[in-house]
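Numbers restart at 1 for each chain; the letters A, B, ... are given by sequence-line order, proteins then strands. Reckoned from all heavy atoms, side chains included, excluding hydrogens, waters and symmetry mates.
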Number of protein chains: 2
Amino acid sequence: MTVRQDIHNSDIPVLCQACEARHHGVCGALDPNKLVALAKTSSRRQVDAGTELIGDAEAIHSYANVLSGVVKLTKTLSDGRQQIVGLQFAPDFFGRPFRAESAINAEAATRVSLCSFPKAALERIMKESPGLQGRLLGQTLKDLDAAREWMVTLGRKTAAEKIASFLLLIARNIDRVSDPNMRTAAFDLPLTRNDIADFLGLTIETVSRQLTKLRADGVIRIENNRHVVVVDISRLEARAGS
Amino acid sequence: MTVRQDIHNSDIPVLCQACEARHHGVCGALDPNKLVALAKTSSRRQVDAGTELIGDAEAIHSYANVLSGVVKLTKTLSDGRQQIVGLQFAPDFFGRPFRAESAINAEAATRVSLCSFPKAALERIMKESPGLQGRLLGQTLKDLDAAREWMVTLGRKTAAEKIASFLLLIARNIDRVSDPNMRTAAFDLPLTRNDIADFLGLTIETVSRQLTKLRADGVIRIENNRHVVVVDISRLEARAGS
DNA sequence: CGGGGTATTGAGTTCGTTCAAACAAAGTGG
DNA sequence: CCACTTTGTTTGAACGAACTCAATACCCCG
C-alpha cells in the first residue's frame, strides 16, 4: 500500500496514516494535533494467540485498538466454568474507561496486532476532545448491542442455531459479508472448538457434532479443522433462527 | 417528604427537586440552567404493567428516567421465542442514543413511573454539556457490564443457579441489599413466572419447580405467589454459583 | 515416524423440556 | 351470590437435546 503524501497527511503521525482505526475507530474523532499527542504515547505491538491482555481483577493500565486478529473477552466462575462475553475485531477499541478494575479477562484468540496507549493519556485527551467521548460511547453502544444479541442466542437458541449464528458472526466480521448478494464466504476460524463452546454455552463435543452435521448437509465445507467455506450463506441464515 | 427551601434548591425545577435521578442518574451532570431547559420539555407519567414503551423497529421519540418500577427490555425471534436482555430499575436511564431505530422492545414489567423527554431536547443539551455525555457513557457501561454478567448466567449456569442469581439480582435492586451484613431480604417479584423464564432462558415449569425447591429447602418463603422472603442471603449466594 | 495437542465419534445418562392436568385467584355476568 | 371464564401457577409423567465419559482419529511439528 502506498501512503498518500499530500499536505493533509503530512500532519498525521506516520504510525496512524495507514491505520484503519483513524477512519472507523475512536481515533477518527481527533484532529491532527490531538492525534500527534496520543500517537507519542502509543505503541504498536503484535502478540501471539493465548496472550493475556487484561487480567480479571487486575488494574487496567492501557487501552488499545485492535488492528488485526481477534480478542476474546471472558468471564470465569469460581469452579472454572468459562463464558466468552465478547469478541473484538479490527478496528474495535477495547479497555474499560472509568474503572480501576476490570471484571473481565481479555485474551488474544489469534495472533493480534494492537495499538495501545496508556489509560492516563487517553483520559486526558478525552477531556479536551468531546468527540472522542462520543466515539467511545458509540463503541460501547455497539458492544452492548452485540452482547444483547448474543444473550438471545445463549438463552433461546438450540445448539444447531447457535453454531449457525456463530459462523454468520465470524463470516460478517472476518470475511466482511455485509453485502446481501454475496452468496458464499470463506475464512479461518479465529477460535478453537473449546473457545467456540465457551462462546456458545455448549460443550466441545456438541460443537463438533453440529459442525459435522452442517458439513454432512452440505451447508459448509471444513478444511484442516480451521478453514471454513460457507457454500450458501442464505442456507446458513435459515438455520440461525433469526 | 418535605422539600428543602434553601437558596440553592430555589433554582431547581420543582419537578426535579425530589427526583432520585438528579443525584444518581443522568440529570446529575446538569447545572440548574440546563436542568430548567430540560425540565421544560420533560413530563412525568405513570404507566401500568404491560405497557409497551419502545417497540421493536419503531422510531425512537424519547428517552426516559425510570423513577420507580421495573422496565424489561426484550428481544424476540421470528418464531416467537423471547429473551429479556435487560432490566432497568430506578434511577436508570433508558433509550437508545444515536440511532433512529431500536432493535429491542421496552415494556413496563410493573407499574412504572417515568420522567421522559424528547430525543431532540436531550441531544441538544448533550452537545452543550459534556458531563451529560459522560453520564450517558457511564449508564451504557453499567448496562454492558450487566449484560455480560448475565451472559455467564445464561450460558454456563444450571437452572437452580439461574434462579438463585435472579433472586439475588432482584434483592440487590429492589430491596437494595448491598450491605453485606444484611442477612435477609424481602420483596415483591417484579416479573411473572413467564418473564422470569424469558429472562433466564428457561421454561415456566422449570422456574416454578426450582422456586418450589428453594422453598422446600427453607432458603426462601413465598407468599401470594409474588412476595418473596429470603431467609438467609448467604445461603442463596452459595447456590448462585458466583 | 512418533508424540502431543486438538478434534471427532460413540454409548449411556441427565437435566430441562414437553405435554397434560389440576389448582388458585380474580374477574364477569346472570 | 354463585357458576363460569380467564389468567397465572404448580405438579406429574414421559421424552429428548445436550452432557458426560471414553475411545479413536487427525494434524502439525520436531
Close N/O contacts between protein and nucleotides 23-28 of chain C (under 3.5 Å):
none

Query - Partners passing side-chain contact (heavy atoms from CB on, under 4.5 Å) against B:Asp188 (at least two apart in sequence or in another chain) - result: B:His227
Report summary line: Atom CD of B:Gln210 and atom C1' of D:dT9 are separated, to the nearest Å, by 15 Å
**Report entry** Under 3.5 Å donor-acceptor, A:Arg193 side chain and A:Ser208 backbone
**Finding:** no
Query raised in the report: When you measure from every atom of DNA chain C, which of residues 211-218 of chain A have a heavy atom less than 4.0 Å away?
Result: A:Thr212
Report task. Measure distances between side-chain N and O atoms of B:Arg209 and base N and O atoms of D:dG12, and say whether any donor-acceptor pair falls under 3.5 Å. Result -> yes
Query raised in the report: Where do A:Glu223 and A:Arg221 come nearest, in terms of heavy atoms and distance?
Result: OE2-NH1, 3.3 Å
Query raised in the report: The side chain of A:Arg226 lies closest to which of these nucleotides: C:dA7, C:dT8, D:dT9?
Result: C:dA7
**Report entry** Distance-only side-chain donor-acceptor flag, B:Ser242 / A:Ser78, under 3.5 Å
**Finding:** yes
Requested in this report: Just jot down the salt bridge (charged side-chain N to carboxylate O under 4.0 Å, His left out) partners of A:Arg209, sequence neighbours excluded, or say none.
Outcome: none
Without placing hydrogens or testing angles, list every side-chain donor-acceptor pair under 3.5 Å for residues 147-155 of chain B, not counting sequence neighbours.
from	atom 1	to	atom 2	distance (Å)
B:Glu149	OE1	A:Lys75	NZ	3.0
B:Trp150	NE1	B:Phe199	O	3.0

Query raised in the report: Under the side-chain hydrogen bond (donor to acceptor under 3.5 Å, both in side chains) test, which residues partner A:Ser68, sequence neighbours left out?
Result: A:Ser113
Query raised in the report: Nearest-Å distance, CD1 (B:Ile204) to P (D:dG8)?
Result: 10 Å
Query - Test log, rule side chain to side chain contact (heavy atoms under 4.5 Å, CB included), inputs B:Thr192 and B:Arg226 - result: CA-CA 8 Å; B:Thr192 66; B:Arg226 279 293 190 115; 3.1 Å; yes
Query raised in the report: Would one find a side-chain N or O of A:Thr206 under 4.0 angstrom from OP1 or OP2 of D:dA18?
Result: no
Report task. Could you note down all residue pairs passing salt bridge (charged side-chain N to carboxylate O under 4.0 Å, His left out) where residues 197-208 of chain B supplies at least one of them, sequence neighbours left out? Result -> A:Arg156-B:Asp198
Query - Angle by which the axis turns from one end of the helix from C:dC1-D:dG30 to C:dG30-D:dC1 to the other, five pairs per end, to 10 degrees - result: 30°
Query raised in the report: Is B:Asp217 salt-bridged to B:Arg239, cutoff N-O under 4.0 Å?
Result: yes
Query raised in the report: On a plain distance test, is the side chain of B:Glu205 in donor-acceptor contact with the base of C:dC19 below 3.5 Å?
Result: yes
Query raised in the report: Which residues in residues 184-203 of chain A have at least one heavy atom lying under 4.0 Å from any atom of DNA chain D?
Result: A:Gly201, A:Leu202, A:Thr203
Report summary line: Expected list for residues 153-169 of chain B near DNA chain D, using heavy atoms below 4.0 Å, is none
Query - Minimum side-chain heavy-atom gap B:Phe187-B:Val228 below 4.5 Å - result: yes
Query - Partner residues of A:Thr206 under the side-chain hydrogen bond (donor to acceptor under 3.5 Å, both in side chains) criterion, sequence neighbours left out - result: A:Thr203
Report task. Go through the structure and list residues passing side-chain hydrogen bond (donor to acceptor under 3.5 Å, both in side chains) with B:Ser234, not counting sequence neighbours. Result -> B:Arg183, B:Asp232
Query raised in the report: Would you say A:Asn65's side chain and A:Cys115's backbone share a donor-acceptor pair under 3.5 angstrom?
Result: no
Query - Heavy-atom pair with the smallest gap, counting every atom of A:Val230 and A:Leu236 - result: CG1-CD2, 3.9 Å
Query raised in the report: Going through the checks in order, is the side chain to side chain contact (heavy atoms under 4.5 Å, CB included) test met by B:Leu191 and B:Phe166?
Result: CA-CA 11 Å; B:Leu191 303 183; B:Phe166 168 71; 3.7 Å; yes
